[in-house]
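Quick notes on the structure that follows.
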Amino acid sequence: MSNGAYTEQELMVAVASREIRDGDVVFVGMRLPILAYAVAISTHAPNARGLFEVGLMRDRPAGAFLGTMGDPPNVAGALWATRMSNVMALMAQGQVDLGFIGGAEVDRFGNLNTSYVGDPAKPKVKLPGSGGGADIAILSRRWVTLMNHERRRLVDRVSFVTSPGYGDGSPGWRKRNGILGGGPVAIITTLCVLRFPEGGGEAYVATVHPGHTVDEVREHTGWPVQIDPGVRETAPPTEAELSAVRSRTA
Amino acid sequence: MSNGAYTEQELMVAVASREIRDGDVVFVGMRLPILAYAVAISTHAPNARGLFEVGLMRDRPAGAFLGTMGDPPNVAGALWATRMSNVMALMAQGQVDLGFIGGAEVDRFGNLNTSYVGDPAKPKVKLPGSGGGADIAILSRRWVTLMNHERRRLVDRVSFVTSPGYGDGSPGWRKRNGILGGGPVAIITTLCVLRFPEGGGEAYVATVHPGHTVDEVREHTGWPVQIDPGVRETAPPTEAELSAVRSRTA
Amino acid sequence: MSGKVMTMAEAIERFVPDGSTVAMGTSLEPLIPFAAGHELIRQRRRDLELVGPISDALFDQLIGAGCVRRVAAAWVGNVSEGLGHCYRRACEQGVPNAIEVYDHSNFSISLALWAAAWNVPSLPTRTLLGSDILRTNPTLSIGFGMVHVGAVRPDIAIVHVQRADAEGRAHAWGPLGITEEAGLAAGVVIITCEELVDDSVTLSDPNRILFPETKVLAVVHEPGGAHPSPVQGHFKRDHAFYAGYAEQSRTADGFAEWLERWVLDVPDRATYLERVDVDSLRIHHHQYSAPADFGNE
Amino acid sequence: MSGKVMTMAEAIERFVPDGSTVAMGTSLEPLIPFAAGHELIRQRRRDLELVGPISDALFDQLIGAGCVRRVAAAWVGNVSEGLGHCYRRACEQGVPNAIEVYDHSNFSISLALWAAAWNVPSLPTRTLLGSDILRTNPTLSIGFGMVHVGAVRPDIAIVHVQRADAEGRAHAWGPLGITEEAGLAAGVVIITCEELVDDSVTLSDPNRILFPETKVLAVVHEPGGAHPSPVQGHFKRDHAFYAGYAEQSRTADGFAEWLERWVLDVPDRATYLERVDVDSLRIHHHQYSAPADFGNE
């Protein structure tokens, strides 16, 4: 799907890259997040550090295609090759500014399910599990998830919280649960960007991607989603963003 | 002090080396214990491994003089150079068969004080502290201490237990305190070897070094020390033991 | 010589009985001991408990082959392809057998192994607070505002490395995931290696030695033993192989065919590698680390 | 360039204010950052809390110079000579000032730093069960049959290494003691190094890099900065120097003279080294580690 000038994925990558601030330590995942990190480094955040749960720190994306974060090109030029627990230590100390988490299902309060669809004792679908997702959700300062915008993926409440967002959405839920990290700040989908109120709570539609409408978003969302009264169009990828992402995917 | 054929220290080293069994993993300290390890390797225990709290494992003593276990010759040829906590992990798992601990004061129940003489809040003498001593005393399978035999060093009860032996000497004291390791098996002094009953308790004189007497031991011990009814003379260093220790100290 | 060097068949036969708890894939995506896993399948090992962070297809294969009773892991699937189809069939339909799942996060499985390495019942952490993983894994509990991660002590850790000597002193490099804690926590370590080297190589750099040799009871010289996972300095990841496995394992029949072709019908790793285009995966450009001077006099 | 490279005077001035908690001597006997400690003395730093396993004379010197309010350590003295005379005077007579002592064992100080590194209030262990150290150190407690070692978070860790680059990526080798956990636990790391190298050297071996560069805020090129402690590949231990210090520091006056001659009267490390027979300590025979191949294509 594309409006001709750029693909849906290129837009998502550009939007995700804007979440990275210069100087951030970013817990990077594979696929779109690693592209977002590459775009950020090439544009507005040249000093962002990438941290990989396999046990790596980098100051730039790898020089070649990666199937996984443990592929040899990701090690070449790394600033630190270490144990996973050391990388997690930094995150537990609040030294990871931003994390990316992939998800199968997200709910209105930003909780992610990557474990079980249906009863965990007799699941309808067994998903792969947390990986580092729960760790990022709980320990990073802020985090973002990217997802195909489908009703079965954006649900009212996930049946299993693998990676907690704002729990039941009540004020102070994370703090009451002893969680130090700040929680999700955005859900970037194929249709729009959802954000959360200051201090957490229920996701709302902040911007809708060019070529899509609020109604379309409503239709494909599994709960009666709130729309920011000032909802705007998502800023399309800039030339610089596009050229950065294309240089990585060509 | 020497009987002419060997020195007091050579005898102590030989006696200490006999505590090392072939294949043992030995937590080695400096001075006499490292000589004892060298003698054991050259005589009856060629497969004993030496573990050093600084973060080293070796299968033979260093090839040159060591002032400390962290000196460069102790690293050359090491089988593992790592963090202290990894070495401690092995010991916490019960994988250290024997440890040596130096002490300023030992009491009738094998407790060592290397911390404070007098009130810790206003000590008469501040000793250097535990180092790894408390760890060895608590986590190794069995341990040995070496000491000059003086009344002020072999005391009725130490005022401060840095490294616990058998506590108050009551049956099961270590177990009641949650300690997994087996405790002290010998106190090797300049006059004699004290041992402990099976399962722990109060030290008794097992052997008296050649040239010394039971009465002399009693006189220099700070409690009315028990003597094994079958007390014998400590076996003097063998030719092999002497030649091994002298090749290290020449 | 300590007699630790042996064939994969012998190492698995001697050190991994039915019912063992086995840690594998501890470096996450690289250095996965696939050859060892395939030998477990060939020897029809049963009732294993698998321990690892993620497994990138190896755990899926062992589950599909019916070797597994329980998994304690953060993630089971196929990293570049997504879901693990055998894992799904076992969890959803009990095919070929039902398995128990002890869910972890990456951090919590690491802590579970550190707890075992330090021989304590559990270690505290704030990760997993608020996660339903606390509901499904009975080895996790909450107290005093912290999650307590129960110790996981593998009977055996199987670790693939770039080089090792005959006594089991192993050098590995690149990201190490949870390898160190897995080996320290395990009762026994089996090393499988690309190169079996003289101890003058391993002892030249004792800082790079992974484990105390007293833990390592078997050393298997198994070049290519991590395929299709990558090995820094030796092999790139075989992405296409993972994709092919994902495709073929969608059905139980497809998986059975895959298993026949790549495991059961293959007597050993050398034969397996004849069926792979190894040369296209081999890393040809060397990038050597700067030496460290261990001089002492 | 990040601007991390600076003189010792600047690093201490900028990053170690009065009242700081400072970890030093984390590799135990080798790689002790004496030059940094002496600069702390010259800058008349006060009310420091020193954290370390053992310290082999450096802590004794800082205590004698009046820089210290508290010590959290397993052992304070002079490894080859025995007691620390300044430590004794401070503890026994309050000279030059009384200090607080938080007793640890080697294992417990490591765990205290791991607790801080993982940001948990404490870690459990069985070490120290039955020891009176539990009576004197208020950061240790017993519960559920385990000792709980309270986190110790240094404001600064000062670490001497063989080589580092300008961004603070540090390579050290030989036994590492509690260096890794001290650096991870600390808010800021100051690296002092024998060699300041190009990043092509450090990045050629990312496994040997001690800390994430984000923790390292100062890099001081200070050859000989660990004297009299040993540095693998560079310097042997100066046993005689330790013996001389032990002898001279027996009295407060003797220590004052020692301090005058070796610290206060010395503007910088280069001048200090002119007073030492450096050549007799230098390691001349190189023993290089076998390279690891980080090739990726």
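Residue numbering restarts at 1 for every chain, and letters A, B, ... go by the order of the sequence lines.
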* **Worked verdict on His239(C) versus Asp71(A) for side chain to side chain contact (heavy atoms under 4.5 Å, CB included)** => CA-CA 10 Å; His239(C) 308 302; Asp71(A) 285 8; 3.1 Å; yes
[X] versus chain A, heavy atoms under 4.5 Å apart: side chain, backbone, both or neither?
X: Asn78(C); answer: neither
X: Tyr242(C); answer: neither
X: Arg89(C); answer: neither
X: Glu100(C); answer: neither

Review point. Is it the case that more than 12 heavy atoms not belonging to Arg157(A) sit under 6.0 Å from its CZ atom?
Key: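 Buried by this count: over 12 neighbours within 6.0 Å.
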Near Arg141(A) CZ, under 6.0 Å, is it more than 12 heavy atoms from other residues, nucleotides or ligands?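 No.
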Backbone of [Y] reached by a side-chain donor or acceptor of [X] within 3.5 Å:
X: Asn177(A); Y: Leu129(C); result: no
X: Asp135(A); Y: Asn106(C); result: yes
X: Ser131(C); Y: Thr162(A); result: yes
X: Glu92(C); Y: Lys126(A); result: yes

Part of [X] within contact of chain C (heavy atom distance under 4.5 Å):
X: Thr82(A); value: backbone
X: Arg31(A); value: side chain
X: Pro120(A); value: side chain
X: Leu127(A); value: both
X: Val158(A); value: neither
X: Ala76(A); value: both
X: Trp80(A); value: neither

Check: Does some side-chain heavy atom of Trp173(C) sit less than 4.5 Å from a side-chain heavy atom of Val75(A)?
Finding: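 A side-chain contact under 4.5 Å is absent here.
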| task | Report yes if the side chains of Met84(A) and Leu28(C) come closer than 4.5 Å at any heavy-atom pair, otherwise no. | result |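 Result yes, sub-4.5 Å side-chain heavy-atom pair found.
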What closest approach, in Å, do [X] and [Y] show between heavy atoms, and which atom pair accounts for it?
X: Gly130(C); Y: Val161(A); answer: O-CG1, 3.8 Å
X: Leu128(C); Y: Ala134(A); answer: CD2-CB, 3.8 Å
X: Pro175(C); Y: Gly55(A); answer: CB-O, 4.0 Å

So which residue, [options], ends up with the most heavy-atom pairs under 4.5 Å with chain C?
options: Ile179(A), Leu139(A), Leu180(A), Val125(A); value: Val125(A)
options: Gly131(A), Ala92(A), Ser163(A); value: Gly131(A)
options: Pro73(A), Gly118(A), Ala78(A), Gly129(A); value: Gly129(A)
options: Ala121(A), Pro164(A), Pro72(A), Ala81(A); value: Pro72(A)

What distance do [X] atom [atom1] and [Y] atom [atom2] have between them, rounded to the nearest 0.5 Å?
X: Met30(A); Y: Ser80(C); atom1: CE; atom2: OG; result: 11.0 Å
X: Ile178(C); Y: Ser85(A); atom1: CD1; atom2: OG; result: 9.0 Å
X: Glu53(A); Y: Phe107(C); atom1: CD; atom2: CZ; result: 12.5 Å

Options [options], ranked by heavy-atom pairs under 4.5 Å with chain A, top entry:
options: Ser110(C), Ala98(C), Gly77(C); answer: Ser110(C)
options: Thr136(C), Ile283(C), Ile54(C); answer: Thr136(C)
options: Gly145(C), Ser27(C), Gly94(C), Cys91(C); answer: Cys91(C)
options: Pro230(C), Pro30(C), Gly177(C), Ser55(C); answer: Gly177(C)

| task | May I ask you to check whether Asp132(C) and Tyr116(A) show a side-chain donor-acceptor distance below 3.5 Å? | result |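 No, because no side-chain N or O of Asp132(C) sits under 3.5 Å from a partner of the opposite role on Tyr116(A).
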message = side chain to side chain contact (heavy atoms under 4.5 Å, CB included) for Thr127(C) and Met88(A)? Distances and angles first, verdict last.
response = CA-CA 10 Å; Thr127(C) 202; Met88(A) 293 294 177; over 6 Å; no
ask   = Salt-bridged, Arg83(A) to Glu180(C), with N to O below 4.0 Å?
value =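 So Arg83(A) pairs with Glu180(C) through a salt bridge.
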Among Pro128(A), Ser115(A), Ser130(A), exactly one meets side chain to side chain contact (heavy atoms under 4.5 Å, CB included) together with Trp75(C). Which residue is that?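 Per the side chain to side chain contact (heavy atoms under 4.5 Å, CB included) rule, the option paired with Trp75(C) is Pro128(A), out of Pro128(A), Ser115(A), Ser130(A).
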